[in-house]
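When a ligand or atom number is given, it counts from 1 through the structure's own listing order.
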Amino acid sequence: MSQLLHFDDETALATALAQALGWPCACIERHLFPDGETRLRLPPALPPDVVILRGLQHPNAKLTELLLAAAGARELGARQITLVSPYLAYMRQDMAFTPGEVVSQRHLGALLAAAFDAVVTIDPHLHRVATMDDVVPGKRGVALTAAPLLGAHVAAHVPGALLLAPDEEAGQWVRTAALAHGLDHAVCHKLRRGDRDVQVALPDTSVAGRAVVLLDDVASTGRTLVAAAIGALLRGAASVDVVVTHGLFVGDAFAQVKGAGVRNVWSSDSVPHASNVVSVVPLLAAALWGSAEPVQPR
Ligand code: R5P
């Protein structure tokens, strides 16, 4: 049996996951020294198989302690350490877009590969890199998708919805969700000029009178969703709802999305947020059991 370790700000997800798996679960104790360093304390005797749950939203503050926790776990008996990072940061910086830029994805992947034997995540933003195995060279990388779960939520709450991907990259998740639940789908074209400067061109598909649901992997500043929602409403959509795997919603993002006329904003609990309605626990539990089918929490 494996041991699940987590940090105090992810207790809800960790407890639900451990319950689903029937595994023991322990919180990694943290003490923050006045100078900004952290002292970690793990259970003193660990089994050979250890899983550390750590979502990497706000990654810079978390990475040092995560790497320390993994190294400490090995000293305390762990032989096989899996990182479960429902949201994996730095996946978008996958090439040097201008000379001199650090390719963060590659280097973060190398750091994780050195610390962990496997990395499991959900809907990583892989673009120029094909698989999670390529992200963590020499180690096992697993990319799960929450798209069918998001699609199920949409099908239950917006019958006959038109699923709209706000950009080409989201097309893969929209297609998966639509196929799994017999929904119509279409894909927009996005032009990003800056962090908060985004233009979205709608596809030719008619949205007039349709209940449109925008589906994306991540909402960060929310500007992608805002642009797509405004476009759909201008073209006569009857309603616009939003569903995302990772609701980062930084700063005023959530208010901006609601202010654009979006009726409901839904997200999975991969990142804790008030919009969480879809649980990723069955997805993660199935992956950790090595099963192909999602399992129900016990
Ligand atoms: C990028 O292409 C992703 O799929 C999202 O569309 C993007 O990260 C959302 O970012 P923001 O909320 O800042 O527009």
Review point. Any idea which atoms of ligand 1 are less than 4.0 Å away from a heavy-atom of Lys190?
Key: 1 (C), 2 (O), 5 (C), 6 (O), 7 (C)

Practice item. Check each of Leu214, Val213, Asn264 against Val240 using the side-chain contact (heavy atoms from CB on, under 4.5 Å) test, and report the only one that passes. Key: Leu214

Exercise for review: For the pair Phe249 and Phe254, name the ring-plane relationship: parallel under 30°, tilted 30 to 60°, perpendicular over 60°.
Suggested key: perpendicular

Practice item. Check the angle between the aromatic planes of Trp173 and His125 and answer parallel, tilted or perpendicular using the 30° and 60° thresholds. Key: tilted

Review point. How close does the nearest protein non-hydrogen atom get to atom 13 (O) of ligand 1, and which residue and atom is it?
Key: Thr221 OG1, 2.6 Å

Check your understanding: Of all the non-hydrogen atoms in the protein, which one sits nearest to atom 1 (C) of ligand 1, and at what distance?
Key -> His125 CE1, 3.3 Å

Exercise for review: Among all protein heavy atoms, pick the one closest to atom 4 (O) of ligand 1 and tell me residue, atom and distance.
Suggested key: Asp217 OD1, 2.6 Å

**Study point:** Salt bridge Asp252-Arg223, side-chain N to carboxylate O under 4.0 Å
**Key:** yes

Check your understanding: Which of the atoms of ligand 1 are close to Ala219, meaning less than 4.0 Å from one of its heavy atoms?
Key -> 12 (O)

Review point. Does the ring of Phe7 carry Arg54 above it, NZ/CZ under 6.0 angstrom from centre and within 45° of its axis?
Key: yes

Check your understanding: Got the closest protein heavy atom to atom 8 (O) of ligand 1, with its distance?
Key -> Arg92 NH1, 2.5 Å

Review point. Counting each atom of ligand 1 from 1 as listed, which ones have a heavy atom of Arg223 under 4.0 Å away?
Key: 12 (O), 14 (O)

Point to revise | 4.5 Å side-chain heavy-atom contact, Asp217 and Gln172 | key: no

**Study point:** Lys/Arg-Asp/Glu bridge criterion (N-O < 4.0 Å) met for Asp184, Arg210
**Key:** yes

Point to revise | Contacting atoms of ligand 1, where contact means under 4.0 angstrom from a heavy atom of Asp167 | key: 1 (C), 2 (O), 4 (O), 6 (O)

Check your understanding: Nearest 0.5 Å, what's the CG-CE distance between Leu108 and Met91?
Key -> 5.0 Å

Check your understanding: What protein heavy atom sits nearest atom 9 (C) of ligand 1, and how far off is it?
Key -> Val218 O, 3.4 Å

Check your understanding: For atom 10 (O) of ligand 1, which candidate among Gln256, Arg196, Arg192 holds the nearest heavy atom?
Key -> Arg192

Practice item. Enumerate the atoms of ligand 1 whose separation from the nearest heavy atom of Gly222 is less than 4.0 angstrom. Key: 11 (P), 12 (O), 13 (O)

Review point. Which residue from Asp216, Leu214, Thr224 reaches closest to atom 5 (C) of ligand 1 through any of its heavy atoms?
Key: Asp216

